[in-house]
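Some notes on the structure that comes next.
Computed from a prediction, not measured in an experiment: that's the story for all the values here.
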Amino acid sequence: APFVIIQWMRTKTFRDVGYELMTRCGQKLTDNLAEVNTPDMAGKVKFRLDKEAMPGVHAEHLLDAPKVARMAGDLERHLWVIGINETANLFYTSDHPVVRRGNQKVNGELQIGPRDPGIEYAFPLDSRHILLILERTHFAEWKKYDNKAVRLTSEQVRDYNELQVLRSNQRTYCANDDFDLARAVCAAHPEVC
């Protein structure tokens, strides 16, 4: 679990999401302080976080052993399944190999935190095996596979490969020259390619 967390945290996406969250929270705090202390300035004071500081903040998160352990503990509560790929298509991986997907919304907000209902992580281990970490209540039908292996269908392999393409930052990899799906995803979602 700590290894999966580090693989997930080390990415540009983690840093970008962190910047977005810190900016949003900082602006909310700024708005609240202005409203309480100087009501005539409410809504006029802007919070600014220099993006150049983010590599240091990112490193601080990566080296925060208690935080990594806490997040790893969150993952350990979920179902852990090894997916076996015996289809004609190999698994993709990418520069962001640990991908996550929220499968539930609460008050219209997609739940993507490690403790959230419906969270799903997928981490290709090689061309034929993938680690799936699935939140227990949403994926209750998978409980029989917890700490076991299961053969995946071609649709499931395609789904996880598509997720790799959608979450990658720059590169998607495959052990053979089988990028038709990646090209199709890029055609359908040019903003990610």
Side-chain angles (χ1 to χ4, degrees), residues 1-34 36-37 45-83 91-126 129-139 142-143 146-147 160 163-173 191-192:
F3 175 75
V4 172
I5 289 296
I6 293 293
Q7 284 297 310
W8 176 64
M9 289 176 71
R10 70 170 183 73
T11 64
K12 180 182 182 301
T13 300
F14 184 85
R15 183 170 36 209
D16 291 347
V17 168
Y19 178 79
E20 182 182 320
L21 286 172
M22 290 171 68
T23 300
R24 197 174 332 141
C25 290
Q27 185 61 54
K28 190 171 186 172
L29 178 61
T30 300
D31 291 343
N32 290 342
L33 287 171
V36 168
N37 294 309
V45 180
K46 297 296 176 202
F47 176 82
R48 184 176 171 273
L49 177 61
D50 188 354
K51 207 164 192 167
E52 300 297 317
M54 286 311 294
V57 173
H58 190 196
E60 183 179 359
H61 283 286
L62 281 168
L63 299 173
D64 185 344
K67 180 181 191 128
V68 170
R70 187 173 55 253
M71 292 174 78
D74 292 340
L75 288 189
E76 288 171 355
R77 297 183 339 197
H78 300 315
L79 304 171
W80 286 59
V81 178
I82 298 294
F91 279 125
Y92 288 171
T93 191
S94 71
D95 53 1
H96 192 312
V98 178
V99 296
R100 69 180 174 172
R101 172 172 38 207
N103 292 290
Q104 287 188 9
K105 291 185 178 182
V106 173
N107 298 325
E109 182 107 5
L110 190 61
Q111 301 298 286
I112 59 170
R115 293 182 182 183
D116 288 341
I119 195 67
E120 171 184 17
Y121 290 86
F123 181 27
L125 303 172
D126 62 30
H129 301 89
I130 191 168
L131 172 62
L132 303 174
I133 303 172
L134 311 167
E135 189 271 324
R136 287 180 179 276
T137 59
H138 184 83
F139 294 96
W142 286 75
K143 185 172 176 36
D146 190 22
N147 294 315
Y160 287 121
L163 194 57
Q164 281 293 323
V165 176
L166 290 169
R167 300 295 189 267
S168 68
N169 287 305
Q170 294 180 345
R171 306 273 188 274
T172 300
Y173 306 97
E191 71 279 5
V192 302

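Heavy atoms only, all atoms of each residue included: Pro2 and Ala72 are closest at N-CB, 3.6 Å. The nearest pair of heavy atoms linking Ala122 to Tyr160 is CB-CD2, 3.7 Å. Among all heavy-atom pairs drawn from Ile112 and Ile119, the shortest one is O-CD1, 3.4 Å. Scanning all heavy atoms of the two residues, the minimum distance from Leu166 to Val192 falls at O-CG1, 3.9 Å.
Expressed to the nearest 0.5 Å, how far CD of Gln111 lies from NZ of Lys105 amounts to 10.5 Å. Note that CD of Gln104 and CD of Glu135 are 6.5 Å apart. Values are rounded to the nearest 0.5 Å. For the atom pair OH of Tyr121 and CH2 of Trp80, the computed distance is 10.5 Å after rounding to the nearest 0.5 Å. Rounded to the nearest 0.5 angstrom, Leu63 CG and His58 NE2 are separated by 10.0 Å. Between Leu163 atom CG and Arg101 atom CZ the span is 5.0 Å, to the nearest 0.5 Å. The CG atom of Asn103 lies 8.0 Å from the CG atom of Leu110; values are rounded to the nearest 0.5 Å.
For the pair Asn32 and Lys28, the minimum side-chain heavy-atom distance is below 4.5 Å. Contact of the Ile82 side chain with the Leu125 side chain is registered, since non-hydrogen atoms from C-beta on lie closer than 4.5 Å. By the 4.5 Å heavy-atom criterion applied to side chains, Gln27 and Lys46 are counted as neighbours. Using a 4.5 Å cut-off on side-chain heavy atoms (C-beta onward), Leu132 and Trp142 make contact. Proximity of Arg167 to Ser94: side-chain heavy atoms (C-beta onward) are nowhere separated by under 4.5 Å.
With hydrogens and angles disregarded, a donor-acceptor distance shorter than 3.5 Å links the side chain of His78 to the backbone of Pro114. Of the possible donor and acceptor atoms, none in the side chain of Gln170 sits under 3.5 Å from a partner among the backbone N and O of Ser168. Asn107 contributes no side-chain N or O that, together with a main-chain N or O of Glu109, makes up a donor-acceptor pair within less than 3.5 Å.
Salt bridge present: Arg136 and Asp146 bring a charged side-chain N and a carboxylate O closer than 4.0 Å. Comment: Arg115 engages Asp74 in a salt bridge, judged by a side-chain N to carboxylate O separation of less than 4.0 angstrom.
Residues Asp95 and Thr11 bring no donor and acceptor atom of their side chains to less than 3.5 Å of each other. No side-chain donor from either of Thr172 and Gln164 sits under 3.5 Å from a side-chain acceptor of the other.
Under the side chain to side chain contact (heavy atoms under 4.5 Å, CB included) criterion, Leu49 pairs with Tyr19, Met22, Thr23, Phe47, Met54, not counting sequence neighbours.
Between Trp8 and Phe14, the ring-plane angle classifies as perpendicular under the 30° and 60° cut-offs.
Of the options Met9, Arg15, Lys67, a side chain to side chain contact (heavy atoms under 4.5 Å, CB included) to Leu62 is made by Met9 and by none of the others.
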